[in-house]
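Shown next, in structure tokens, is the structure this report addresses.
Order of the sequence lines fixes the chain letters, A, B, ..., with proteins taken first and strands second; residue numbering starts at 1 for each chain.
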Amino acid sequence: MGEAVRVRYAPSPTGDPHVGNIRSALFNWLLARRLGGKFIVRIEDTDQARKMEGSVQVILDSLRWLGIDWDEGPDVGGEFGPYIQSDRVESYSVAANRLVESDNAYYCYCPSERLVMIRESQKKQNRPTGYDGRCRNLSALERAEEVKSNPTPVVRFKMPLTGKTTFNDVIRGDVTWENRLLDDFVLLKSDGYPTYHLASVVDDNAMEISHVLRADEWLPSTPRHVLLYEAFGWNPPIFAHLPLILGSDRSKLSKRHGSVSIMDYKDQGYLPEAMLNFLSLLGWSLDDKTTEMDINTVIENFSLERIGASPAVFDLEKLSWLNGVYLRNLSADVVAEKSFELLDRDLGVDVSRPLDWAYVVKVCSVIQDRARIFSEIPHLASFFFSENYSYPVILIWAGMGDKSIKKLIETSEDPRALSLPEDRDSVSHSLAAASGALSKIDDWNHDTLEATLRNLVQELGTSNRRLFGAMRVVLTGRTEAPPLFSTMEILGQKIFLGRL
RNA sequence: GGCGCGUUCGUCUAGCGGCCUAGGACACCGCCCUCUCAAGGCGGAGAUCACGGGUUCAAAUCCCGUACGCGCUACCA
């Protein structure tokens, strides 16, 4: 076997790949790119029942979205193909037969009902579960008899009854299992398909995989794999079992925890760069202080030695923050490009389509600093597009900085019914004055607007906070929005005066 | 039940015997900036390094035990 680093991502097409799964793909890819090796995608579709149509496509799309490219795989081929296990079934039965012939495996005719039964009784007696080995030593004659009642036997591995199996895991060190605690697991199922154990060992060997990086949940089955390599007379690869990714309740991340499919994050408007950065930091670190880094920096510094052993909780808060960091670094053009479709989809029906590209860019330039993820943008920007907003009049006073009113509105069931502060007249007077002054402006831009309004504040003897705050609410229907003058400039004189 | 792995601020982590009265980041709190919100700057709170024993002049770091958590325990991967 060569020195070359060859790693693989071997997903099962049973649904959309989730973040834990993709993190495994990422670490494999990082190792390959760091060491100048090959990254291989292999589809493990040996479970005919759970196989899902279209899943392979989503898996590949997920990788593409993140920019994880592969050197060999189902679509691009390669010298060790095919890369879909259902296209390699022949090789597994050949391998299984080899083990039967070398007395490392045997046919088992036990019906599944019997298997369930022995498992139940083992459980009831608080004994370890596992196949009892009934068919382990059948004579040729007995087998001929059994085959009559079950013509489609499975092939089981003949597990050594004594001794220990030790292997080294790069992340966990030496791990040892007692062979007698391992049962005669199935290699070949009755439908002729291999189990994961057989297929992955046969393929990893055939594809000359040098390192197997996979999730920690596989650690308990690794001794079986090691024993398989031994039985075949093959050299096992280097193993590294990655720490699990957990949900907020500290159990293995799954659908119960909400969005786990990587494509969900794409749809919600997370950036692949941010996702990559975040996922890299789940179980790996560059040093004691670096959090924000591009993927090339990760590649240049990636090493198995810096992967931790303890599981990591997937913290959506931190992902969102990181995404905001990347979002703010984008140019307004790019933000507009990436949010155009979302705006088109989520803005109200009253907004006329198609959206004006130049206008969207301008809006994005002031919104992007206020969003963490793209899906927030339509809401944050809606008042730029729609007149169709309303607010309780009293919100104007809240916008002017009266915190007690703000609190009152938040706790009130019907803010519209709240009585207005007494200086209502002076506020409407101020707004009218602003309207008057602004209608005379010929040169409608940020700076002249600012000069005019700051002057007006002086004339009226009010404060920036009060005047600008009142205008903000009238203009946007909210107390929180981008800076007033930029907002006004973007909206334009006509629309602006209309709202005033 | 059995087996395995894990255990440093709420969360992600740094730490691989003295630099640690434990560093960074998210979240949280306060202040500054300021037309609001963000962003940014500054500061704060937050971890008796799960617990108990060893080893050592010296342990978060090495060893043993305990507890807890998680994973596996399928003709699923």
Side-chain angles (χ1 to χ4, degrees), chain A residues 10-12 14 44-47 49-50 108 110 112 115-116 119 122-131 152-156 169 171-172 175-178 181-183 185-191 193-197 199-200 215-223 241 243-244 246 248 250-252 278 281-292 305 308-322 324-325 328 366-372 380 398-401 450 453-454 457 463-473 476 478-485:
Chain A
S12 290
T14 53
E44 310 221 325
D45 59 342
T46 56
D47 186 342
R50 293 206 310 153
C108 170
C110 296
S112 53
L115 268 19
V116 171
R119 194 152 47 232
Q122 284 163 336
K123 266 186 186 157
K124 209 171 284 174
Q125 296 171 65
N126 266 339
R127 288 186 14 237
T129 53
Y131 182 60
T152 56
V154 301
V155 176
R156 286 184 183 273
D169 182 281
I171 295 167
R172 283 150 225 286
V175 184
T176 301
W177 252 268
E178 298 228 26
L181 297 169
L182 270 18
D183 76 339
F185 61 98
V186 172
L187 296 170
L188 214 55
K189 299 183 262 189
S190 55
D191 64 0
Y193 280 87
T195 58
Y196 169 86
H197 306 298
S200 73
D216 193 34
E217 60 196 287
W218 291 109
L219 192 66
S221 51
T222 306
H241 287 90
L244 246 29
L246 274 24
S248 46
R250 306 206 69 93
S251 68
K252 194 166 80 166
F278 179 74
L281 257 14
L282 245 37
W284 177 85
S285 61
L286 195 162
D287 56 24
D288 59 338
K289 51 195 52 160
T290 312
T291 303
E292 299 161 33
E305 286 69 43
S310 45
V313 173
F314 187 86
D315 183 6
L316 194 57
E317 268 307 318
K318 192 161 183 174
L319 204 214
S320 299
W321 162 77
L322 233 198
V325 170
R328 286 192 292 277
V366 296
I367 291 297
Q368 71 177 117
D369 288 350
R370 290 164 178 76
R372 297 199 303 173
L380 289 172
M400 288 160 64
E450 175 160 13
L453 286 174
R454 285 192 189 276
V457 168
S463 66
N464 290 345
R465 180 189 291 273
R466 289 174 63 80
L467 206 228
F468 299 167
M471 291 179 68
R472 167 174 300 107
V473 172
T476 66
R478 343 180 158 174
T479 54
E480 296 117 41
L484 225 212
F485 312 123

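The same atom, P, is picked in C29(B) and in A74(B); the two are 48 Å apart, to the nearest Å. Going from the P atom of C49(B) to that of U21(B) covers 12 Å, rounded to whole Å. On the P atoms, A67(B) is 16 Å away from C51(B), given to the nearest whole Å. Across C16(B) and C76(B), the matching C1' atoms stand 38 Å from one another, rounded to whole Å. Nucleotides A25(B) and A45(B) place their P atoms 15 Å apart, quoted to the nearest Å. Comparing the C1' positions of G18(B) and C62(B) gives a spacing of 15 Å, expressed to the nearest Å. Going from the C1' atom of C28(B) to that of U66(B) covers 35 Å, rounded to whole Å. Rounded to a whole angstrom, the distance from the P atom of G46(B) to that of G10(B) is 11 Å.
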Measure all distances between protein nitrogen or oxygen atoms and nitrogen or oxygen atoms of nucleotides 19-22 of chain B, and list the pairs falling under 3.5 Å.
none

Distances under 3.5 Å between nitrogen or oxygen atoms of protein and nucleotides 71-75 of chain B:
from, atom 1, to, atom 2, distance (Å)
G71(B), OP1, Lys252(A), N, 3.2
C72(B), OP1, Lys252(A), NZ, 2.8
U73(B), O2', Thr129(A), OG1, 2.8
A74(B), OP2, Thr129(A), OG1, 3.2
C75(B), O2, Ser190(A), N, 2.7
C75(B), O2, Ser190(A), OG, 2.7
C75(B), N3, Ser190(A), OG, 3.0

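In this structure, the CG atom of Leu322(A) is 15 Å from the P atom of C12(B), given to the nearest Å. To the nearest angstrom, C1' of C26(B) lies 17 Å from NZ of Lys289(A). Put simply, NE2 on His197(A) is 8 Å from P on A77(B), counting in whole angstrom units. Taking atom CG on Asp288(A) and atom C1' on U13(B), their separation rounds to 10 Å, with Å as the unit. If you measure from atom CD of Gln125(A) to atom P of G1(B), you get 16 Å, rounded to the nearest angstrom. In this entry the distance linking CG of Leu246(A) with C1' of C70(B) reads 7 Å, nearest Å. Atom C1' of nucleotide C26(B) and atom CG of Leu282(A) are separated by 13 Å, given to the nearest angstrom. Straight-line distance from the CG atom of Leu316(A) to the P atom of U11(B): 16 Å, rounded to whole Å.
Of the inter-residue distances, the one linking Arg119(A) atom CZ with Ser112(A) atom OG reads 9.0 Å to the nearest 0.5 angstrom. With values rounded to the nearest 0.5 angstrom, Asn464(A) atom CG is found 9.5 Å from Leu453(A) atom CG.
Counting any heavy atom pair closer than 4.0 Å across all strands shown, Lys318(A) reaches a base atom. Using a 4.0 Å heavy-atom cutoff across all strands shown, Thr46(A) reaches sugar-phosphate atoms only and no base atom. Looking at heavy-atom distances under 4.0 Å, Gly283(A) makes contact with sugar-phosphate atoms alone, never a base. At the heavy-atom level, Val116(A) lies nowhere under 4.0 Å from the strands shown. Using a 4.0 Å heavy-atom cutoff across all strands shown, Arg172(A) reaches sugar-phosphate atoms only and no base atom.
Contact of the Arg472(A) side chain with the Thr479(A) side chain is not registered, since no non-hydrogen atoms from C-beta on lie closer than 4.5 Å. Between Phe278(A) and Phe314(A), some side-chain heavy-atom pair lies under the 4.5 Å cut-off. The shortest distance between side-chain heavy atoms of Pro311(A) and Asp216(A) does not fall below 4.5 Å. Side chains of Thr14(A) and Asp47(A) form no contact here, defined as non-hydrogen atoms less than 4.5 Å apart. Counting only heavy atoms from C-beta outward, the side chains of Leu115(A) and Tyr131(A) approach each other to under 4.5 Å. Residues Ser190(A) and Val154(A) meet the side-chain proximity criterion, which asks for heavy atoms closer than 4.5 Å. In this structure, the side chains of Trp321(A) and Leu319(A) stay at 4.5 Å or more apart for every pair of heavy atoms.
When distances run from any side-chain atom of Ala309(A) to the nucleotides U13(B), G6(B), C76(B), the shortest one goes to G6(B).
Across the strands present, C37(B) finds no partner; the criterion is a Watson-Crick or G-U wobble pair with both atom distances under 3.5 angstrom. Pair assignment for G30(B) gives C42(B), based on Watson-Crick or G-U wobble hydrogen-bonding distances that are each under 3.5 Å. For U66(B), the paired base is A50(B) (Watson-Crick or G-U wobble, both distances below 3.5 Å). A 3.5 Å limit on both hydrogen-bonding distances identifies G71(B) as the Watson-Crick or G-U partner of C3(B). Under the Watson-Crick or G-U wobble criterion, with both distances below 3.5 Å, C57(B) is paired with G18(B).
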Q: Start with the C-alpha gap between Asp169(A) and Leu219(A), add the side-chain angles, then the distance that decides, and say whether side chain to side chain contact (heavy atoms under 4.5 Å, CB included) holds.
A: CA-CA 9 Å; Asp169(A) 182 281; Leu219(A) 192 66; 4.1 Å; yes
Q: Kindly determine whether Phe468(A) and Val457(A) satisfy side chain to side chain contact (heavy atoms under 4.5 Å, CB included), including the steps that lead there.
A: CA-CA 9 Å; Phe468(A) 299 167; Val457(A) 168; 4.0 Å; yes
**Q.** Base versus backbone protein contacts along nucleotides 27-42 of chain B [heavy-atom cut-off under 4.0 Å; B, S, -]
**A.** S-------BBBBS---
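A salt bridge does not link Lys318(A) to Asp315(A): none of the charged side-chain nitrogens sits closer than 4.0 Å to a carboxylate oxygen.
Shortest non-hydrogen contact noted between His197(A) and Ser221(A) is CE1-CB, 3.5 Å. Across all non-hydrogen atoms, the minimal contact from Gly401(A) to Arg465(A) is CA-CD, 4.0 Å.
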